[in-house]
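Before any comments, here is the structure.
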2 protein chains.
Amino acid sequence: MCLTKWLNHVTKDMKTDISTEQKILEAAKQVFLEKGLDGARMQDIADKAGINKALLHYYFRSKDKLFEVIFLEEARKFMPRVVEIMMSELDLFEKIEMFVGQYIGTLIQNPLLANFIVNEINRNPNDTLKKIFNNQRPPIEKVEVHVAKMVKKGIIKPIKAEQLMINMVSLCAFPFLARPMVQWVTKKNDKEFMIMMEQRKKDVVKFIIDSIRK
Amino acid sequence: MCLTKWLNHVTKDMKTDISTEQKILEAAKQVFLEKGLDGARMQDIADKAGINKALLHYYFRSKDKLFEVIFLEEARKFMPRVVEIMMSELDLFEKIEMFVGQYIGTLIQNPLLANFIVNEINRNPNDTLKKIFNNQRPPIEKVEVHVAKMVKKGIIKPIKAEQLMINMVSLCAFPFLARPMVQWVTKKNDKEFMIMMEQRKKDVVKFIIDSIRK
DNA sequence: GTCTATAACTCGATAGAC
DNA sequence: GTCTATCGAGTTATAGAC
């Protein structure tokens, strides 16, 4: 086989390969995010990717394996990023603003992500948490020290760092976790909900800082 | 059949009947709360109740029907109760305290309840919400008026009622929804987590009131 | 790599004896 | 009412042709 042909061959194979694998990953992401591991059907994923079930197994061996690939991809481009902000050396109020903005912003882009992650963590807590964070528990002691300093300086009221962190995450994540209920009670359609969430970035920051500032 | 025999017959039947039905309901509640509708197996429920699968169908016809009985029972003894507090005529700060206490208190008694309800609402939003609230949307206008008055009187800072309500529910529910993650990050075992939640009743009330009070 | 066909299995549901 | 046995639908996974 001459060089040109060989190059063509490789290029074509790589192209097809990547393309099919990407199609599967994209389809699987959608289906798993919407239905969860139990609710998802390999047939649905195959249909959405425009291929047949057998190919799914050719590329990813089993449903569980495919799920794990999708899950870790999604969880790791979300959780570690916001944790990093929390552990950063920013000024506390700036930190809160960045954290909330990043957290809610990501969920506006991908509203099903919160449920996806929470459900998998509940289904299989230890393995999942270790895998997401590469077996390294976030060092919340850093935040504790940071908050304690601010308390001592008299800038904020006494509060436990762990409590502050739980409150921050709660205020960001919950509206998406319980989105249908929130929309039903507030009579908001999808578009109105997203506008409210966009506004909520500022509202939550203000709510938190109003609460802790002296 | 003489009267005595008939009475014995009825009594015995009713006793057995109630007992078995109760055993099924109790077992189903545990399994559904832990695994959800998709994850639960009729076999698991039968085993836990100490009977066989066929009897489950004899009493409740189908898995879906059994699930609906359990779900509505659990959801209705939780959601309408806390909504009622929210809509009551109490003083705003008292209302917040009662709401948070009741909400977190219930979840301490039944930590899986929040996930159970949220998952079912996400699986089938409209039907579920209508059934839980008997087709009557909670009249949040009452809270809006109430909050607006307090703002006008200068007792609290300007805030939208819908925002305040979302924040209240978020702060109460989220730690239970994401319980394994909260425990992992804070290094708390089950007992310590519950103690933190008990303490949290007061912490959340303070956090909210500190934020909105002028 | 991709397909069709089908094996292997899980699980909800039913039939029928007692 | 309760049981054993089994059916039948639906799903994951594999075999084998192209």
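Owing to the predicted nature of the structure, the values given are computational and were not obtained by experimental measurement. Chain letters run A, B, ... following the sequence lines, proteins first and then strands; every chain starts at 1. Computed over heavy atoms, backbone and side chain alike; hydrogens, waters and symmetry mates excluded.
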*Whole-Å distance between D:dT11 C1' and A:D47 CG?*
13 Å
For the side chain of [X], counting heavy atoms from C-beta on, which of [options] is nearest?
{"X": "A:N52", "options": "D:dA15, C:dG12, C:dT2", "result": "C:dT2"}
{"X": "A:S62", "options": "C:dA13, D:dT4, D:dA13", "result": "D:dA13"}
{"X": "B:Y59", "options": "C:dT2, D:dT2, D:dC3", "result": "D:dT2"}
{"X": "B:Y58", "options": "D:dT4, D:dT2, C:dG1", "result": "D:dT2"}
{"X": "B:L55", "options": "C:dA13, C:dC3, D:dG1", "result": "D:dG1"}

*Check A:M98, A:E97, A:E94 against A:I85 for a side-chain contact (heavy atoms from CB on, under 4.5 Å) and give me the one that passes.*
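Among A:M98, A:E97, A:E94, the one meeting side-chain contact (heavy atoms from CB on, under 4.5 Å) with A:I85 is A:M98.
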*asked:* Between A:K187 and B:E141 (salt bridge meaning N to carboxylate O under 4.0 Å), is one present in this structure?
replied: yes
*With a 4.0 Å cut-off, would you call B:R76 and B:E73 a salt bridge?*
no
*Among residues 32-43 of chain A, which residues get a heavy atom nearer than 4.0 Å to DNA chain D?*
A:A40, A:R41, A:M42
*Looking only at side chains, do A:Q43 and A:D47 share a donor and an acceptor under 3.5 Å apart?*
yes
*Any chance NZ of B:K201 has more than 12 other-residue heavy atoms, nucleotides or ligands included, within less than 6.0 Å?*
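Counting neighbours around NZ of B:K201, more than 12 heavy atoms of other residues, nucleotides or ligands fall under 6.0 Å, so yes.
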*asked:* If we ignore hydrogens and angles and just use 3.5 Å, is the side chain of A:R200 paired with the main-chain N or O of A:L171 as donor and acceptor?
replied: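 Between the backbone of A:L171 and the side chain of A:R200 there is a qualifying donor-acceptor contact (under 3.5 Å).
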_Qualifying residue, where the test is ring pair (Phe, Tyr, Trp, His ring centres under 6.0 Å) with B:F116 and the options are B:F78, B:F176, B:F71_ = B:F71
*asked:* Looking at B:H57, I'd like to know whether one of its side-chain N or O atoms comes within less than 4.0 Å of OP1 or OP2 on C:dT14.
replied: no
_is_close_aromatic(A:F174, B:F174), centroid dist under 6.0 Å_ = no
*For the helix from C:dG1-D:dC18 to C:dC18-D:dG1, measure the angle between the helix axis at one end and the axis at the other, each built from five pairs, rounding to 10°.*
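End axes: 10° apart.
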